[in-house]
Amino acid sequence: MNIVIMGPPGVGKGTQAEAIMAERHVAYIATGTILRGAVQEGNELGLQVAALMAAGELVPDHLMMEIIKERLLRPDARDGWLLDGFPRTAPQADGLLALLDGIGQRIDRVLVLDAPDDEIVRRLGGRLTCRACGHVTNLQRVGGPPTACSTCGKDALYTRDDDSEETIRRRLEVFRERTWPAAERLGERSALVRIDGRGTPAEVKQRIAGVL
Ligand code: AMP
């Protein structure tokens, strides 16, 4: 199954993607994680994108298309994938649809998670990300600062540069202005389902299970 999960930053895409992955053996392709890996490595791509990411701005479409093309053509993506964080603009959506047409694939489901901005700002303010495996820990849920990642056990939790309140507001604006049109484009060709992202991860998971 080929799934795209979309939604504003902090709505719980990564958490729900982990839950979907636990049940389906598809390749998980999260462009934000790929880009953060490049920044951490300090390679050419990382140097090009670090400042944009820290400001909550989008990385140029042509770079994103190169990344996604290379990733979707790898053998592990042949039997299904879950895209998280891509596409984020209408040109990326069109580029993805053209790429998929070229390799004889299609999107089976587009999941759009949404929640009110204030809830998102509150959630992201308490978010820690694992530098080693990318797992997200929410301080409001664990009730006190953890020292190690609950998924990989490493002592590598940090606050992302782009999780400051000002940058979060900018990322939300970018989502509403530029990523909604991308969702609409995909919805013209594939089954798009809007999911209420409020509530606990288990509640949201159940809503998603009902539509997959
Ligand atoms: P995320 O982890 O999905 O919240 O992505 C973090 C940041 O990476 C975003 O705020 C953008 O700067 C950049 N990014 C990730 N995916 C894309 C994309 N598809 N297009 C442009 N920029 C992206």
Side-chain angles (χ1 to χ4, degrees), residues 3-18 20-21 28-41 43-72 77 81-100 107 110-115 117 120-121 123-138 157-186 197:
I3 304 168
V4 177
I5 188 162
M6 303 177 82
V11 74
K13 296 186 297 289
T15 303
Q16 294 306 323
E18 280 180 14
I20 295 170
M21 294 300 296
Y28 179 45
I29 304 174
T31 46
T33 306
I34 294 173
L35 293 169
R36 277 187 292 282
V39 172
Q40 210 174 324
E41 254 183 47
N43 63 25
E44 198 189 322
L45 173 67
L47 295 174
Q48 276 177 282
V49 303
L52 286 170
M53 291 177 73
E57 300 296 338
L58 294 180
V59 170
D61 291 335
H62 71 275
L63 285 179
M64 296 313 303
M65 284 313 305
E66 275 175 41
I67 293 171
I68 212 71
K69 186 169 178 191
E70 187 273 328
R71 186 64 191 86
L72 279 178
W81 36 258
L82 171 59
L83 279 186
D84 171 358
F86 185 94
R88 261 187 161 90
T89 64
Q92 288 180 17
D94 292 339
L96 175 64
L97 291 170
L99 173 63
L100 294 178
I107 301 167
V110 181
L111 304 173
V112 182
L113 253 64
D114 208 1
D117 286 5
I120 285 170
V121 173
R123 284 192 200 173
L124 283 181
R127 169 160 106 162
L128 292 175
T129 302
C130 176
R131 215 183 273 285
C133 75
H135 177 77
V136 167
T137 301
N138 196 304
L157 301 178
Y158 78 116
T159 300
R160 280 170 47 172
D161 292 346
D162 55 354
D163 277 350
S164 70
E165 177 156 353
E166 193 192 335
T167 310
I168 292 167
R169 297 264 177 211
R170 176 64 193 145
R171 287 161 65 208
L172 279 168
E173 228 172 67
V174 168
F175 172 77
R176 308 260 177 239
E177 283 168 16
R178 303 197 50 199
T179 306
W180 262 121
E184 281 166 3
R185 285 286 224 287
L186 298 189

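Start at 1 and go down the list; that is how both ligands and their atoms are numbered.
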| task | Have a look at Leu58 and tell me which of Leu63, Leu52, Val49, Thr89 forms a side chain to side chain contact (heavy atoms under 4.5 Å, CB included) with it. | result | Thr89

| said: Strictly below 4.0 Å, N to O, side chains only: are Asp161 and Arg36 in salt-bridge contact? | reply: no

| Enclosure of Arg170 CZ (heavy-atom neighbours >12, cutoff 6.0 Å) | yes

| remark: of all protein heavy atoms, closest to atom 22 (N) of ligand 1 is Val59 N, 3.1 Å

| field | For Arg36, the ligand 1 atoms whose distance to one of its heavy atoms is below 4.0 Å | value | 2 (O), 6 (C)

| Would you say ligand 1 has an N or O under 3.5 Å from any N or O of Met64? | no

| query | Can we say Lys69 and Glu66 salt-bridge, meaning some charged N sits less than 4.0 Å from an Asp/Glu carboxylate O? | reply | no

| field | Shortest protein contact, atom 6 (C) of ligand 1 (heavy atom only) | value | Arg160 NH2, 3.4 Å

| Side-chain heavy-atom pair Leu128, Thr159 within 4.5 angstrom cut-off | yes

| request: Report the member of Met53, Arg88, Gln92 with the shortest heavy-atom distance to atom 1 (P) of ligand 1. | output: Arg88

| remark: With heavy atoms and a 4.0 Å threshold, my read on which part of Lys13 contacts ligand 1 is neither

| With a cut-off of 4.0 Å, which atoms of ligand 1 are near a heavy atom of Leu35? | 8 (O), 13 (C), 14 (N), 15 (C), 23 (C)

| Would a distance-only check, ignoring hydrogens and angles, find a side-chain to backbone donor-acceptor pair under 3.5 Å from Gln16 to Gly12? | no

| Arg171 side chain vs Pro8 backbone, donor-acceptor pair below 3.5 Å | no

| remark: The atoms of ligand 1 lying under 4.0 Å from a heavy atom of Glu57, numbered in the order shown, are 11 (C), 12 (O)

| request: Scan Ile107, Val112, Asp94 and name whichever one has a side chain to side chain contact (heavy atoms under 4.5 Å, CB included) with Leu186. | output: Ile107

| Contacting atoms of ligand 1, where contact means under 4.0 angstrom from a heavy atom of Thr31 | 15 (C), 16 (N), 17 (C), 19 (N)

| message | Heavy atoms only, cut-off 4.0 Å: how does Arg170 contact ligand 1, side chain, backbone, both, or neither? | response | neither

| request: State whether the shortest distance between N or O atoms of Gly56 and N or O atoms of ligand 1 falls below 3.5 angstrom. | output: no

